[in-house]
Number of protein chains: 2
Amino acid sequence: MARGASSREKILEAASDLAFRQGAAHLSLDAVAACAGVSKGGLLYNFPNKAALMKALVEKYLEDFRTRLEEATEGEDSNLPVRYLDLAVAKLERETPSSSGLLAALAEDPSLLAPVKEFNRTLLDRMKAGGGDVGAILVLFLVLEGMRAQNLFGTAILEPEERRLVLERVAEMIGAA
Amino acid sequence: MARGASSREKILEAASDLAFRQGAAHLSLDAVAACAGVSKGGLLYNFPNKAALMKALVEKYLEDFRTRLEEATEGEDSNLPVRYLDLAVAKLERETPSSSGLLAALAEDPSLLAPVKEFNRTLLDRMKAGGGDVGAILVLFLVLEGMRAQNLFGTAILEPEERRLVLERVAEMIGAA
DNA sequence: ATTACTGTACCGTCTGGACGGTAAAGTCAA
DNA sequence: TTGACTTTACCGTCCAGACGGTACAGTAAT
């Protein structure tokens with residue numbers, strides 16, 4: 001039982017890692033199994049096929065985010081934008097190989113990202129419902145999305161001081177301290 | 001000669017198209033050739049291997065952008081941020097299957113996006129050199145990057161009115177009319 | 001004659017996935 | 001508590017098909 005859970009984790013992690021390093025198109029089950037220290041049979045026991053693996057990658061990403069967001073807000077949606085900003089920045093900070101699982105999923109089948117779309121829409125609606133400056137909320141959302149994308153693409157170009165500046169500016173816009 | 005040029009175009013277009021529709025991981029040379037109405041031999045005549053095709057996809061994307069940006073600015077860098085905003089929005093407007101070639105390249109080999117990184121950095125520096133509000137320029141850049149990413153990922157969620165609102169806001173920040 | 005292909009045949013490798021096996025842990029009646 | 005059985009969590013092998021790439025003969029326009 002304990003072994004099962006950790007195998008799944010290791011496989012998921014290995015998949016994200018490999019996707020980022022060698023390009024999502026070359027992500028093979030063999031490679032994932034080897035990297036995770038599991039046999040191919042073991043991999044396919046945990047995930048019946050490649051699509052299932054990719055789906056799990058997306059779900060894990062979303063689950064992580066959702067959980068931490070729920071923790072940060074503790075049921076209350078007050079100041080959601082600020083919480084979201086903090087969370088997203090923190091996630092960006094610790095080098096994100098986790099989110100490159102999304103890349104693998106996208107490469108495998110674009111429709112696998114549908115849950116991400118839904119999650120984002122819901123989040124945006126919750127933030128808008130908070131009653132703040134809608135324009136600022138949209139800017140916040142897109143700036144963060146832009147940063148995430150650059151990380152994912154490996155085309156991040158902002159210097160630390162630029163990053164600080166833009167995040168400060170956005171925080172200001174949504175009315176954080 | 002005329003045939004050569006149009007074949008290349010058709011192939012590039014077909015590759016982008018297929019990458020977006022069936023997932024970049026399943027982009028095969030056979031499929032691209034078929035979709036472009038070219039034989040596989042013909043494809044390999046134009047692009048000696050898959051990596052070359054992907055590289056050309058990236059180059060074409062950048063070339064397009066560069067050309068149009070140069071046209072819009074006519075050598076002058078004054079008001080570059082505004083030009084960039086207009087251009088990026090226009091590019092977003094006409095449904096972008098072209099940029100999903102980037103996706104295929106990324107999936108094939110992440111390092112193929114290095115030229116994109118360089119292009120972005122240069123562009124950002126040029127905009128900063130214009131002397132405007134640096135924070136606003138960074139926000140502009142990232143918001144646009146965010147929108148592009150959402151389009152690429154198929155996770156675009158903004159309603160037209162939200163899009164208008166956020167673009168207006170950004171335009172205001174960089175001091176456009 | 002050259003250019004820009006087409007079409008076909010083929011090769012070696014990789015890949016997803018099916019399959020049969022198995023060691024260990026858990027369940028349960030006697 | 002022991003033996004019989006089931007379930008869980010894998011391992012290792014195998015294979016059909018897909019893939020990237022090569023080779024080469026042919027063709028139609030310039």
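Residue numbering restarts at 1 for every chain, and letters A, B, ... go by the order of the sequence lines. Note that the structure is predicted; figures quoted are calculated from it, not measured.
- Every residue two or more places apart in sequence or in another chain that forms a salt bridge (Lys or Arg N to Asp or Glu O under 4.0 Å) with Asp30(A) is listed here: Lys40(A).
- Ion pairing between a basic and an acidic side chain is recognised when a charged N comes within 4.0 Å of a carboxylate O; Arg66(B) and Glu70(B) show no such pairing.
- Residue Leu27(B) is classed as a sugar-phosphate contact, given heavy-atom separations below 4.0 Å to backbone atoms only.
- Spacing between atom CZ of Arg8(A) and atom P of dT8(D) amounts to 15 Å, rounded to whole angstrom units.
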Would you list the protein and nucleotides 15-17 of chain D atom pairs, both N or O, that sit under 3.5 Å from each other?
none

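- Following rounding to the nearest Å, Leu29(B) (CG) and dT22(D) (C1') show an atom-to-atom distance of 13 Å.
- Checked by distance alone, Lys40(B) brings a side-chain donor or acceptor within 3.5 Å of a matching partner on the base of dG21(D).
- Listed by first and then second residue, the salt bridge (charged side-chain N to carboxylate O under 4.0 Å, His left out) pairs involving residues 104-118 of chain A are Lys50(A)-Glu108(A) (not counting sequence neighbours).
- Distance NZ (Lys50(A)) to P (dC14(C)): 15 Å, rounded to an integer number of Å.
- Sorted by first then second residue, the side-chain hydrogen bond (donor to acceptor under 3.5 Å, both in side chains) pairs that include residues 130-139 of chain A, not counting sequence neighbours, are Asp133(A)-Arg169(B).
- The salt bridge (Lys or Arg N to Asp or Glu O under 4.0 Å) test applied to Arg83(A) returns no partner, not counting sequence neighbours.
- Across the helix from dA1(C)-dT30(D) to dA30(C)-dT1(D), the helix axis at one end is tilted relative to the axis at the other end by 20° (nearest 10 degrees, each axis from five pairs).
- For residues 140-153 of chain A, the salt bridge (charged side-chain N to carboxylate O under 4.0 Å, His left out) pairs, not counting sequence neighbours, are Glu145(A)-Arg148(A).
- Set against dG21(D), dT6(C), dG17(C), the side chain of Val38(B) has dT6(C) as its closest nucleotide.
- Applying the under-4.5 Å side-chain rule to Ile, Leu, Val, Met, Phe, Trp and Tyr, the cluster around Phe47(B) extends to Ile11(B), Leu12(B), Leu18(B), Leu27(B), Leu29(B), Val32(B), Val38(B), Leu43(B), Leu44(B), Leu53(B), Met54(B), Leu57(B), Leu112(B).
- Rounded to whole angstrom, the span from the CG atom of Leu43(B) across to the C1' atom of dT8(C) amounts to 16 Å.
- Comparing atom distances between the Ser39(A) side chain and each of dC11(D), dC10(D), dG16(C) picks out dC11(D) as nearest.
- We find that CG of Asn49(B) is positioned 14 Å from C1' of dC19(D), with the value rounded to whole Å.
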Quick one: which protein N/O atoms are closer than 3.5 Å to N/O atoms of nucleotides 19-21 of chain C? Pair and distance per line, please.
none

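- Taking Glu159(B) as the reference, Arg121(A) meet the salt bridge (Lys or Arg N to Asp or Glu O under 4.0 Å) condition, with sequence neighbours excluded.
- Residue Phe47(A) contributes atom CZ, which lies 16 Å from atom C1' of dG16(C) at whole-angstrom precision.
- One finds a side-chain N or O of Tyr45(A) lying less than 4.0 angstrom from the OP1 or OP2 phosphate oxygen of dA9(D).
- Residues forming a ring pair (Phe, Tyr, Trp, His ring centres under 6.0 Å) with Phe119(B) (at least two apart in sequence, or on another chain): Phe65(B).
- When the side-chain nitrogen and oxygen atoms of Ser7(B) are compared with OP1 and OP2 of dC5(C), one or more of them lie within a distance under 4.0 Å.
- Listed by first and then second residue, the salt bridge (charged side-chain N to carboxylate O under 4.0 Å, His left out) pairs that reach into residues 18-28 of chain B are Asp17(B)-Arg21(B), sequence neighbours excluded.
- For Asp30(A) and dG12(D), the CG to C1' distance is 12 Å, given to the nearest whole Å.
- In this structure, CD1 on Ile157(B) lies 5.0 Å from CD on Gln150(B), to the nearest 0.5 angstrom.
- Applying the 6.0 Å contact sphere to NZ of Lys55(B) captures no more than 12 heavy atoms from other residues, nucleotides or ligands.
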